[in-house]
Engineer: 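Here you go, one structure.
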There are 4 protein chains.
Amino acid sequence: MTVSDQLKADKRSRIVEAAARVFASKGYAGAVVADIAIQAEIGKGTIYEYFDSKEDLFFAVFEWYLHRTGSAAMVSIGALGGSAAERLQALSASLMNLWDEIRDVFALVMEFWAASSSSQMRQRFKDAFRQGYDQYRALVASLIRDGMQRGEFRPDVDIESVAAALVGTWDALLLQAWFDSRFDPIAAANGFIDVVIQGMASTRQT
Amino acid sequence: MTVSDQLKADKRSRIVEAAARVFASKGYAGAVVADIAIQAEIGKGTIYEYFDSKEDLFFAVFEWYLHRTGSAAMVSIGALGGSAAERLQALSASLMNLWDEIRDVFALVMEFWAASSSSQMRQRFKDAFRQGYDQYRALVASLIRDGMQRGEFRPDVDIESVAAALVGTWDALLLQAWFDSRFDPIAAANGFIDVVIQGMASTRQT
Amino acid sequence: MTVSDQLKADKRSRIVEAAARVFASKGYAGAVVADIAIQAEIGKGTIYEYFDSKEDLFFAVFEWYLHRTGSAAMVSIGALGGSAAERLQALSASLMNLWDEIRDVFALVMEFWAASSSSQMRQRFKDAFRQGYDQYRALVASLIRDGMQRGEFRPDVDIESVAAALVGTWDALLLQAWFDSRFDPIAAANGFIDVVIQGMASTRQT
Amino acid sequence: MTVSDQLKADKRSRIVEAAARVFASKGYAGAVVADIAIQAEIGKGTIYEYFDSKEDLFFAVFEWYLHRTGSAAMVSIGALGGSAAERLQALSASLMNLWDEIRDVFALVMEFWAASSSSQMRQRFKDAFRQGYDQYRALVASLIRDGMQRGEFRPDVDIESVAAALVGTWDALLLQAWFDSRFDPIAAANGFIDVVIQGMASTRQT
DNA sequence: TATGAATGAGTCTTCATTCAT
DNA sequence: CATGAATGAAGACTCATTCAT
C-alpha cells in the first residue's frame, strides 16, 4: 500500500513538474497535453488518471508552485532573531534570492495571473491569490508591528499600506527582472528596503 | 481620401476597442475572433482587412492600452511644479487614480504579461515591456535625482533601486486590488509613498 | 436571398442524406463525422455550420426519415375511395411497398429505436416515436371505425387494439425482412390483412 | 474442479447480468466496461478473463436474454391442451405477460436490433435473429396448421403469413409499450388475437 | 486467478483564416 | 471594401484492452 501510494505520488509529481515546464514555456493555452505526457515520459492517457482535466492539472501546478516558493520564503523568516529591520532585510533578501531558482518558471506566475482573469478558471485562481496575498501582507504587517512595539519604527507608520506595498514591490521587481535580464532585482530590493526601513525608523536613527 | 481614411481609422479603433473588451473578459486564447466582430458590429472577415492576424490585433490592443494609460499618467507629471516629494506624491496619486478607469480592462495587463511568456508572441511583448519599464523607471529616477539635487533627498539614496521599486509597487498594488475588491490601492499607495519619501529625506526633515 | 437560402437548404440536405447513408451503414456510434463530410463532399467543419453536434445531425436524419416515409405512406391513403376493407388493404400494400425503397436505410430505424433507449438522446426520440405511433394508430383506427359505421365491420371489434396491432405488424414485418432477405413482407402482409379483415367482417360476409 | 467451475460460472453470470443492466441503460456504445466491472463488483481486468472483448460480452448478454425470455415463453406452450385457438390465445397472453418482467431490459432488444446493422457485429446478430424468428414463426405456424387440421381454421388461410405477422405483432406491441407507458400491450394483444382467430375460423363459428 | 494502472488510437469539436461574391 | 460560408488543422479527452504484479 505504502509502496504503491509512494509510486503514485511520485508519478503525480513527475506529471506536475513536466506540466510546469511546458506551461512555463508555452503558456496555458499553448501547452499541449500530449507534450506534457512526453515530458513526463508517460502515456497521454495516464495524465487523466491523475487529473480530471488540463485545467485541473494547471491548478495542481499552481499549488505546486505556491508550495515550492512559499516554503522557501517562510523558512527564512522563522529562523530569524535580530531586529525587525534586520528581519525585513532578511526577508527581502531571501525572496529576491529565489529569483535564480524561479527564473525559468516565472512565466508560470504570469500564466496564473492571467488565469485569474479568463472567465473559465477565474474564481479558483482569484480566490487563491487573494488568500495568498492576505497571508503575505499579514506576515509582513506583523513584522512591522513587532518593530513598532520594540520602538524601532515610528508609531504613525501606516502598517497595512507598507505591508501591502512591500509585498507588491517584491513581486514587481521579479517581474521587471523577467522583462529585462540586465535588471538586478536583488540589488534593487536591497537599495529600496533600506529606504523603507529608514522611512519607518524612529527619528533618532542615524 | 481624407474622409475615407478617417472612416478607416474609425473602424479600426472600433475593432480595437471591441477586441479590448473581449480579450479582457475571455483572455487572449479564450477570445474568439467572431465575437470581436460581433462586438465591433462588423463582419468577421473585415477584421482581416485591418489586421493580419488575431495576434496582430492583440498587439494593437496592447498599443492602444499603453497609449490610453500612458498618456493619462504622463499628463499629470508634466503639469507639476512643487517639491520633488510633492511631485512623487502627485505621480503616485494620479497613477492609482487610474484604477477606477482601468479596473475593467486590467485583466488585459495580465494577458499582456502572459503573452510575454508564451513563446509565440514572446519577444514582441517582452521588448515592449522592457522599454516601457525603462522609460518609467527613468522618469521616476529623474524625479528623485531632481529632489536630490535640490537637497530634499539624501545623496546616498540608491536612485535606480528606488525608482524601480516604486514603479513596481504601483503595478503591484493594482494587482492586489484586482484580486481583492476590498483592497484600496489608493490608500496603500498614499501611506507608502510617505514612508519612502521620509526614508529618502535629508536628516533634518521633521 | 432566396438563392442563398436555396443553396443553404440544398447543402443542408446534402449533409443529411450523406449522414443517413453513413449512420445506416455504421450505426450512430460507429459513424464518424469526418466520413459524413466526405460523403457529402464538404469540409468537416461545414457540418458544424449546419448542425450543433453529431447528435443534432442524427436527429435531423430522423426527421428526414419520418418525412420521407411518412409522406409516402400518407399519400396513398388520402387518395382512396373504396370500402374500408379495400382501403386497409391498400394502406397495408403501400406501406409494404416502401420496403424496396427503404431497405437500404432501414438500419436507421433500428438506430432510432436504440437511440430512444441510450440515455443521452432518449427523451427526444422517445417522444417523437410516441407521437408518431399515436398518429399512426389514430389513422388506422379511424379507418376501422369508418368501416364499422358503414356496417362492413362488426361493432364488437376492439378498434384501438386492432389499430395498434396492425401498425405494429407492419413495422415488424419489415424488421423480419431486414433479418432475412428471403422473407417477403409484402406477401405476408397481404395474407395477413385478409385474415384480419375477415376477422372484423360482419357475419354475413362470404 | 467442479467447485471452481461453479464459481467460474457464477462469476461469469454475475458479469453478464451486470452487463445487461449497463447495456440496457446506456446502450452498447455508451456502456463503459469499467462500469460493468463496478456493477459486477469485480476488477475491470477480470472481465477479460471471461470474455474476449466488449463485443463478445454483448453477445453473451444477447444469448442470456434469448434464454431468459425464450424459455419463459416456450414453457407456457408445451403445457397446453385445448383448442388451437385457445393455445394461440394462451401463447399471446403469456408473451405479453413477459412485459412486466422484461420492461427494464427491453432497451436491450433495441440494442440487439441495432447491433444487427452496425457493420461490426452485424452478421453474428443478424444470423441469430433470423434463426430466432424462423423458429418462432415455425412454432406459430405449427399451431395454426394444427388448428387447420382439426378443422378449427379454414384451409385457405395463408399460414406462413399469419404466423410471421403474429410473431411480428407481439414484438411490435412491446415496442409501442416501450415508447408509451400508458399503452397496454396485453389488452391490445387480447383484442387483436380474437380478431385474428375469428378471421381464420371455419365459417360455422358463431 | 484477479487486478487496476498504463496506454494511445480514435473522435468530436472549435476556430483562425481564406476567398468568392 | 465588406462579408460570412467554408475549411481543416489541431487538441482535449475517452475508453477498450493489456500486462506486470
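Per chain, numbering begins at 1; letters A, B, ... match sequence-line order. All values reported here derive from a predicted model rather than from experimental measurement.
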Engineer: Going by the rule side chain to side chain donor-acceptor pair (under 3.5 Å), which residues pair with C/Arg122 if we only count those two or more places apart in sequence or in a different chain?
Structural biologist: none
Engineer: Mind checking what makes side chain to side chain donor-acceptor pair (under 3.5 Å) contact with D/Gln123, not counting sequence neighbours?
Structural biologist: D/Asp127
Engineer: Does anything in residues 16-27 of chain B come within less than 4.0 Å of DNA chain F? Heavy atoms only, and list the residues if so.
Structural biologist: none
Engineer: With sequence neighbours excluded, tell me which residues meet side chain to side chain donor-acceptor pair (under 3.5 Å) with D/Ser116.
Structural biologist: C/Trp178
Engineer: Mind checking what makes ring pair (Phe, Tyr, Trp, His ring centres under 6.0 Å) contact with B/Phe59, not counting sequence neighbours?
Structural biologist: B/Phe62, B/Phe125
Engineer: Just to verify, what does D/Gln39 make a side chain to side chain donor-acceptor pair (under 3.5 Å) with, not counting sequence neighbours?
Structural biologist: D/Arg21
Engineer: Looking at A/Tyr50, does any N or O in its side chain come under 4.0 Å of the phosphate oxygens OP1/OP2 on E/dA5?
Structural biologist: no
Engineer: With sequence neighbours left out, what residues match C/Asp104 under salt bridge (charged side-chain N to carboxylate O under 4.0 Å, His left out)?
Structural biologist: none
Engineer: Is the number of heavy atoms from other residues, nucleotides or ligands within 6.0 Å of CD (C/Glu41) greater than 12?
Structural biologist: no
Engineer: Are the side chains of C/Leu57 and C/Phe23 in touch, meaning some heavy atoms are under 4.5 Å apart?
Structural biologist: yes
Engineer: Check whether any side-chain heavy atom of C/Val61 sits under 4.5 Å from a side-chain heavy atom of C/Phe112, and report yes or no.
Structural biologist: yes
Engineer: For DNA chain F, which residues of residues 31-41 of chain A approach it to below 4.0 angstrom with any heavy atom?
Structural biologist: A/Ala31, A/Val32, A/Val33
Engineer: Which pairs count as side-chain hydrogen bond (donor to acceptor under 3.5 Å, both in side chains) when at least one residue sits in residues 24-37 of chain A, sequence neighbours excluded?
Structural biologist: none
Engineer: Given pairs defined as Watson-Crick or G-U wobble with both distances under 3.5 Å, what dot-bracket annotation applies to DNA chain E, with ( ) intrastrand, [ ] crossing, | other strand and . unpaired?
Structural biologist: .||||||||||||||||||||
Engineer: Are A/Trp113 and B/Phe179 close enough that some pair of their side-chain heavy atoms sits under 4.5 Å apart?
Structural biologist: yes
Engineer: Contact between C/Glu63 and C/Val16 at the side-chain level, heavy atoms closer than 4.5 Å - yes or no?
Structural biologist: no
Engineer: Not counting sequence neighbours, which residues clear side-chain contact (heavy atoms from CB on, under 4.5 Å) with A/Ser53? List them please.
Structural biologist: A/Glu55, A/Asp56
Engineer: Strictly under 3.5 Å: I want the nitrogen or oxygen pairs between protein and nucleotides 18-21 of chain F, one per line.
Structural biologist:
none

Engineer: Where the side chain of A/Thr46 is concerned, which of F/dC13, E/dA16, E/dT7 is the nearest nucleotide?
Structural biologist: E/dT7
